[in-house]
Visitor: 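Let me begin by handing over the structure; questions about it come next.
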Amino acid sequence: MKEGFARRAIAATLAVGMGVALAGCSTGGTSAGGGAVSGADYTGPDVTISFWNGWTGGAAPVLVPKLVEEFNSEHPNIVVKNVPMEWGDISKKMPLAIKAGKGPDVAVAHGDDVATYAAQGLLLEADAIIDDLGYSADDFPEGLMDAGAYSGSQYGIPWSVTPLGLYVNNDVLKSAGIDPATVPADKDGYMAALETLKAAGIQGEWVDGYVFTGTFEFQSLLWQFGGDLYNDDVTKATFNSEAGVQALTHMTDLIDQGYSPANVAQDGNIKGLLSGQTAYNWNGVWQTTNEAFDALDWTAAPVPQIGTEKAVWSSSTHWMFLNNKGQDANKTSAAATFVKWMNENSSGWAETGELPAANDVRNDPALIEAYPNLATFIDELPYAHYETSAPGITAANALITTALNEALTGKKSPADALDDAAKQADAILKQNEAKYGD
C-alpha cells in the first residue's frame, strides 16, 4: 500500500470517528463481578480505565493512540489509558495483576486464548454486556462469536479477523505463458497451473512447515477435505483423520513431484514470491500491508478448493473484560462503552492487515474503496473456520506444526506424523481437562 494512501486511510478513520454517534443507554444488566453494566453510552462518574493490548508493530502503534485520544475527547467522563506490550508479556503478567486488582479493565486476545483466560477465572462473563450493547452473533461473521465462548457463557466480543488467501505474482505467470486474469479456483485448475509453471522451470508454490504459512494452509486443506482439528468437546485430536492425511499428502506431493522445493526456510515462500522465483503463496491478509508488494504486479485471490468443500483458515481477536480483585463495575461499564465505540470506528483497522469483525463496518462499500485488496478476503469469510476455542489449546496446536515439519522433510509419512502428533495432543487435552475442569 502506498505511503500516501496509508496516511489518507488513517485520517479517514479518525474523521469517521468524529461523526459516529453512539447508541443510547440500555436498561442495564449484571456482570459476573456484580454491579450494573451499561449500554453503549456510559453516564456514570468519571473513571480512568486501563486497556492492555499486544499491538506493538505495524500501523497499530500510530492508529491506536489516535483512536484512544479521539474516544477520550468525546467522552469527558472516561479516560482510557492505552498500555501496549508484547502478547507473550500480557499472558505472563495478567494473572498476577488481576489477582492483585491491578490488571486491565479491558484487553484484547486472540481467539485461541480467550477460553484459557476464562478458565483461569481472569475474565468477567460478558453475556449481559453483549446484550446491553445490542450485539448478537449476526453482527459478526458466522461462527466468530463461538471463539469467545467458554463453558456456556460468552467472554469475548469480536474485534478483527485475519483469513488466509492466495497471493499471486502475475509476472511469473506471464513468463510461463499463463494468463494472470484466470486464477485457479479448484484443484484441477491449480494443478494445471503448477504443471505449466514446472514445464517452464518454475516451482509454482513453495511449501513449508511453519505456523503462519504451512500450518494454516494444512488446516485450510483439512477443513476442505471435510475434517476438523478436534472432536466437538475438544477431548480428542482428529487432525490425523483421513481428511488430515489427504491434506498433508497434498502438501508433500507438491514437494515430491517437483512443484515445490524441499526444505523451504521460514518466510522463504513469501520472499520467493516477492523475488519472482515462485508464483503462488498461501498467506494471511496481513501481507496486504507488506510494502514490498508495492513494486510487484500481484493479485490476491481466494485459496483454491483442493478438497470437497470450500474452507479457509482464519484467526480472530476479541475484547475481554477483566475480573480484577475488587473490580469497579463503573470501570467495566465504561470499558463496554469503549469497546462499542472502537468497533463502530474500526474501518481503518485494515491498515494493520486485519479485517474489522463488525459486519456493518466491514461490509460498508467505503472500506473496499479505501482498501481494494481486501475484497478477496472478505469474500472468503462465509466459509472461514476459526481457531478452536478451549483452555490450553495452543500447546496441542503446536504439535500440528511439528507433524508438518516431520512430513515435509521426509522424516515421517503424513499418516505417521499426524498419528504421532495426535497421540501427544490427546495427552495434552487430558492434562488440560484436569487442570482447567469445565
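Residues: numbered from 1 along the sequence shown. Basis for what follows: all heavy atoms, side chains included, without hydrogens, waters or symmetry-related copies. Since the structure is predicted, the reported quantities are computational estimates derived from the model, not experimental observations.
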Visitor: Is the closest side-chain heavy-atom distance between Pro158 and Leu144 below 4.5 Å?
Guide: yes
Visitor: Quick one: do Asp297 and Lys174 make a salt bridge, cutoff under 4.0 Å?
Guide: yes
Visitor: Give a yes or no on whether the ring-centroid distance for Phe338 and Trp319 is below 6.0 angstrom.
Guide: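 Ring-ring flag for Phe338/Trp319: true, centres closer than 6.0 Å.
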Visitor: Assign the ring pair Tyr155 / Tyr150 to parallel, tilted or perpendicular, where the plane angle (0 to 90°) is split at 30° and 60°.
Guide: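 Because their plane-to-plane angle lies in the 30° to 60° range, the rings of Tyr155 and Tyr150 count as tilted.
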Visitor: Output a table of donor-acceptor pairs, distance under 3.5 Å, between side-chain atoms of residues 305-313 and any protein atom two or more places apart or on a different chain; print 'none' if there are none.
Guide:
| residue | atom | partner | partner atom | Å |
| --- | --- | --- | --- | --- |
| Gln305 | NE2 | Gly307 | O | 3.4 |
| Gln305 | NE2 | Thr308 | O | 3.3 |
| Thr308 | OG1 | Gln224 | O | 3.3 |

Visitor: Any idea how Trp341 and His75 line up, ring-wise: parallel (<30°), tilted (30 to 60°), or perpendicular (>60°)?
Guide: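 Rings of Trp341 and His75: perpendicular, over 60°.
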Visitor: Between Ile270 and Trp206, does a side chain to side chain contact (heavy atoms under 4.5 Å, CB included) hold up when you go through it step by step?
Guide: CA-CA 9 Å; Ile270 189 66; Trp206 291 11; over 6 Å; no
Visitor: Of Thr317, Thr352, Asn343, which is the lone residue that meets side-chain hydrogen bond (donor to acceptor under 3.5 Å, both in side chains) with Ser160?
Guide: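 Testing Ser160 for a side-chain hydrogen bond (donor to acceptor under 3.5 Å, both in side chains) against Thr317, Thr352, Asn343 leaves exactly one candidate, Thr317.
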Visitor: Run Glu125 and Ser153 through side chain to side chain contact (heavy atoms under 4.5 Å, CB included) and show every step you take.
Guide: CA-CA 6 Å; Glu125 292 182 9; Ser153 296; 3.6 Å; yes
Visitor: What orientation do Phe293 and Trp298 show, parallel under 30°, tilted 30 to 60°, or perpendicular over 60°?
Guide: tilted
Visitor: Donor-acceptor pair, distance only, cut-off 3.5 Å: does the side chain of Asp112 make one with the backbone of Thr388?
Guide: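 Side chain of Asp112 to backbone of Thr388, a donor-acceptor pair under 3.5 Å: no, none is there.
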Visitor: Check whether any side-chain heavy atom of Lys236 sits under 4.5 Å from a side-chain heavy atom of Tyr230, and report yes or no.
Guide: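 A side-chain contact is absent here, since even the closest heavy-atom pair is not under 4.5 Å.
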Visitor: Checking side-chain contact (heavy atoms from CB on, under 4.5 Å) against Asn283, which of Asn290, Leu166, Thr213, Leu273 comes through?
Guide: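 With Asn283 as partner, side-chain contact (heavy atoms from CB on, under 4.5 Å) holds for just one option, Thr213.
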